[in-house]
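Below: the structure, in structure tokens.
In what follows, chains are A, B, ... by sequence order, proteins preceding strands, each numbered from 1. Bear in mind that the values here come from a model prediction, so they are computed numbers and not experimental data.
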Amino acid sequence: MDEKTLVEQSRAGRRDAFEKLVQMYNQKVFALAYGFVRDRATADDLTQEILLKVYQALPSFRVESEFGTWLYRIAVNHVKDHLRKSSRRRTVSLDQVGEGPIAVDGGAESRVQEREEENRRKEVFRMLDTLPAKYRMILTLRDVEGLPYEEVARVLGIAPGTVDSRLHRARKMLRKKMTPYLRVEGGRP
Amino acid sequence: MNCRKAERWLLASFDRDLPAADREALAGHLDRCPECRKRAGEYALIRGRLAGDRAPEPLPLFWERLETRMIETRSTSTAAGAALNKLWASAIPVSLSLIAGFLVATLFFLPSSRTADLTGPQTLLLTEGNPIADAAPIIEENQRDVRNLMVLFAADERPVSGPAGKR
């Protein structure tokens with residue numbers, strides 16, 4: 001069953017159709033929320049709130065519009081509201097620390113490398129978190145979530161030219177912030 | 001090509017394909033400029049780390065939890081709607097009786113004629129009366145002597161009011 005049919009059935013009150021839409025999108029919405037809050041429980045809660053909002057707003061959704069873009073726009077606005085309200089900085093919960101089983105075989109070395117890589121990644125996200133919200137938002141959508149360029153423009157409701165200039169500035173700012181850390185690594189990819 | 005332009009093209013190349021000539025010019029610049037080459041490496045590294053981030057799965061029983069919230073929201077909104085309807089149902093007769101009471105009070109307790117506070121000319125204007133009705137017989141009198149007498153008597157009959165009436 002295609003997405004449009006599922007949307008129409010959901011609008012008509014079919015909960016099973018909405019369940020399928022949730023299955024299609026919950027991971028994407030969760031990943032988007034997680035990209036901002038970096039906390040599994042908070043991202044899960046935000047995803048629930050976003051999809052509940054989508055369910056309630058379905059009657060006002062115009063069928064000729066793109067459902068995914070509409071949903072993403074609701075998600076982005078909801079996350080923006082959350083970030084505005086919450087002055088809490090990015091937190092890492094215990095289940096994200098990576099307390100996996102201790103390797104006892106030859107995989108120990110690769111495990112260490114993985115842990116190092118994970119720490120470097122966390123450093124990039126920590127720096128991303130320090131950028132102004134509009135730059136953080138656009139980098140998350142484009143470079144973390146990998147949304148197409150045009151989709152980013154539609155989701156944020158801005159002109160493609162603005163996406164271009166904002167992305168340019170955001171990437172330059174992030175690189176500038178990351179430079180001391182990259183120098184320590186010796187620019188090693 | 002200068003380094004500034006090279007950086008702009010490099011960043012643009014992350015989002016769209018550059019024309020072949022621009023791509024070659026950029027590659028040429030990167031070959032010649034170690035600083036820009038280093039910068040390109042850093043951008044690639046950062047982008048790789050951003051893109052390589054794999055979000056964990058949502059918490060278990062995602063749909064079941066969402067469905068419960070959907071049902072709760074619906075029942076809350078239904079209950080709120082019912083309460084609102086009930087309120088409306090009782091509000092309509094109450095409002096109507098209040099309006100009726102107000103109208104009755106207006107009819108019975110307010111002065112019957114609003115012209116009481118008005119001056120003579122204002123009353124005439126409102127009632128579309130003739131301002132010279134009293135003087136009509138005088139004007140219509142043909143005999144001059146009689147008319148003069150009528151004017152004199154009429155002047156004596158006028159009530160004395162205010163400074164203008166003092167003689």
Please classify the contact between B:E67 and chain A as side chain, backbone, both or neither, with a heavy-atom cut-off of under 4.5 Å.
side chain
Could you pull out the closest heavy-atom pair between [X] and [Y], with the gap in Å?
| X | Y | answer |
| --- | --- | --- |
| A:Q27 | B:P56 | NE2-O, 3.5 Å |
| B:L66 | A:F18 | CD2-CE2, 4.3 Å |
| B:I46 | A:R175 | CD1-CA, 3.6 Å |

Among the clusters formed by ILVMFWY side chains lying less than 4.5 Å apart, do [X] and [Y] turn up in the same one?
| X | Y | answer |
| --- | --- | --- |
| B:V151 | B:L149 | no |
| A:I50 | B:I71 | no |
| B:V104 | B:L107 | yes |

Main-chain N/O of B:G48 paired to A:R121 side chain as donor or acceptor, under 3.5 Å:
no
Between [atom1] of [X] and [atom2] of [Y], what distance do you get to the nearest 0.5 Å?
| X | Y | atom1 | atom2 | result |
| --- | --- | --- | --- | --- |
| A:R120 | B:L45 | CZ | CG | 8.0 Å |
| B:E42 | A:L174 | CD | CG | 11.0 Å |
| B:R65 | A:D45 | CZ | CG | 8.5 Å |
| A:N26 | B:E57 | CG | CD | 8.0 Å |
| B:R49 | A:M178 | CZ | CE | 6.0 Å |

Under 4.5 Å from any heavy atom of chain B - which part of [X]:
| X | answer |
| --- | --- |
| A:R15 | both |
| A:A31 | both |
| A:V22 | side chain |
| A:D143 | both |
| A:Q56 | side chain |
| A:L32 | neither |

Partner set under ring pair (Phe, Tyr, Trp, His ring centres under 6.0 Å) for [X], not counting sequence neighbours:
| X | result |
| --- | --- |
| B:F62 | none |
| A:Y72 | none |
| A:Y25 | A:F67 |

Give me the contact list for residues 5-19 of chain B versus chain A, heavy atoms only, anything under 4.5 Å, ordered by residue number.
B:E7, B:R8, B:L11, B:F14, B:D15, B:R16
Look at atom CD of B:E64 and say whether more than 12 heavy atoms of other residues, nucleotides or ligands are closer to it than 6.0 Å.
yes
Looking only at A:H168, A:E49, A:Q23, most heavy-atom pairs under 4.5 Å shared with chain B are made by A:H168
What residue, out of A:R171, A:R142, A:K172, has the most heavy-atom pairs lying under 4.5 Å from chain B?
A:R171
